[in-house]
There are 2 protein chains.
Amino acid sequence: MKRAKQKIFQDYIAKQGLKSTRQRDIILDAFLSSDRHLSIEELYLKLRAKHPNIGYATVYRTLKLFADSGIAREIQFGDGQTRYEHVTEGEHHDHLVCTECGAIIEFENESIEKLQDEVAVAHGFLIKHHKLELYGLCAKCRP
Amino acid sequence: MKRAKQKIFQDYIAKQGLKSTRQRDIILDAFLSSDRHLSIEELYLKLRAKHPNIGYATVYRTLKLFADSGIAREIQFGDGQTRYEHVTEGEHHDHLVCTECGAIIEFENESIEKLQDEVAVAHGFLIKHHKLELYGLCAKCRP
DNA sequence: ATGCTATTGATATTCACTTTCAGCAGACAG
DNA sequence: CTGTCTGCTGAAAGTGAATATCAATAGCAT
């Protein structure tokens, strides 16, 4: 899994005539071996511990590259931070977001997707992507 | 409808010990008689035509007040601007967002809401609110 | 009308990116 | 291996939207 994504990224880099660098390898490794919903800041801080010389801008640009290459996707949960989540081919999921502890739970629901398609068709709309987030209290935080 | 919301807002103002001011009346009127998904900037510019002496900060603060009072709600469609939409008691809707022309279409779907509740229950999650947006091309913009 | 307190508008500040740029480092030809 | 070309990096400056500050002003109760 991790290997597969590294491969995808390397291929993307090569195809675009970009370069493979030490920083990109480090950031990719950190990204792939971490929680699935990191903000730039979080990844940057995490990296700084071991690699104090990697700059924020590099993390920022590299995450964008991940998104371009298809192994990551930007998401926003309305807390003012852009987060990046892992993307696995052929898989799509939505999120439950705990407003108390910040926990993010992923879920898939084929029936909802189908209904969304129906809504789109009814409005002559062509869906490119969607966003479904359920905000509330997770099992641990609910009263 | 418009009257009802004005009433709600006036009551809220009174209950909180806040003051009724000329600016708030003007901004409320402009908000209620406009498109349902305005950003602060848009409302500010719209107001400036007739009331060049109302400041951006006042529009910003007043929209927050609208949200607090329950007649408006903040929404974000990922274009970097916070928008405010009208809230009508007992009504909930989601959005189709055209990524080409920016059109925003509202829709309601009871079945989807029900499925969302099921997902939440299955995860022991207590939903407070949710967000469902379908991004793509509207009937006019699709090829 | 007076005094108390909320409100306003201009401005400054914050926040989270995003861009710039000079120096650096892959990659490839020779 | 070395040079060269071109992309990459890190620090710092720049952006744009949102939020905070503050002196002057304006509601509202007395």
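Order of the sequence lines sets the chain letters (A, B, ...), proteins ahead of strands, with each chain counted from 1.
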| request: Name the nucleic acid region contacted by B/R61, choosing base, sugar-phosphate or nothing; use a 4.0 angstrom heavy-atom cut-off, strictly under. | output: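 Touches a base.
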Using atom [atom1] of [X] as one end and atom [atom2] of [N] as the other, report the distance to the nearest whole Å.
X	N	atom1	atom2	result
A/L65	D/dC8	CG	C1'	10 Å
B/Y56	D/dT21	OH	P	17 Å
A/Q23	D/dA11	CD	C1'	14 Å
B/R22	D/dG27	CZ	P	8 Å
A/Q81	D/dA17	CD	P	19 Å

| request: Take B/I54 and B/K19, find for each the nucleotide of DNA chain C with the closest heavy atom, and name the residue whose nucleotide sits nearer the 5' end. | output: B/K19
Salt bridge between [X] and [Y], side-chain N to carboxylate O under 4.0 Å?
X	Y	result
B/K7	B/D11	yes
B/E100	B/R142	no
B/R36	B/E85	no
B/E42	B/R83	yes

| Does B/E91 CD have over 12 foreign heavy atoms under 6.0 Å away? |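 For B/E91, atom CD is crowded (more than 12 foreign heavy atoms under 6.0 Å).
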| Considering residues, nucleotides and ligands other than B/K128, do more than 12 of their heavy atoms fall under 6.0 Å from its NZ? | yes
| remark: Span of DNA chain C engaged by chain A, first through last nucleotide within the 4.0 Å heavy-atom cut-off, is C/dA16 to C/dA27
| field | Proximity to DNA chain D (any heavy atom under 4.0 Å), residues of residues 25-49 of chain A only | value | none
| OP1 or OP2 of D/dT19 under 4.0 Å from side-chain N/O of B/K64 | yes
| Does B/Y60 place a side-chain N or O at less than 4.0 Å from the phosphate oxygens OP1/OP2 of D/dA18? |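 No, no such contact exists.
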| said: Among A/F9, A/Y84, A/Y60, which residue satisfies the ring-ring contact (aromatic ring centres under 6.0 Å, His included) criterion with A/F66? | reply: A/F9
| request: Run the ring-centre check on B/H92 versus B/H129 and record whether the distance is less than 6.0 Å. | output: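 No; B/H129 has its ring centre 6.0 Å or more from that of B/H92.
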| When the ring planes of B/H37 and B/F77 are compared, do they come out parallel, tilted or perpendicular, using 30° and 60° as the limits? | tilted
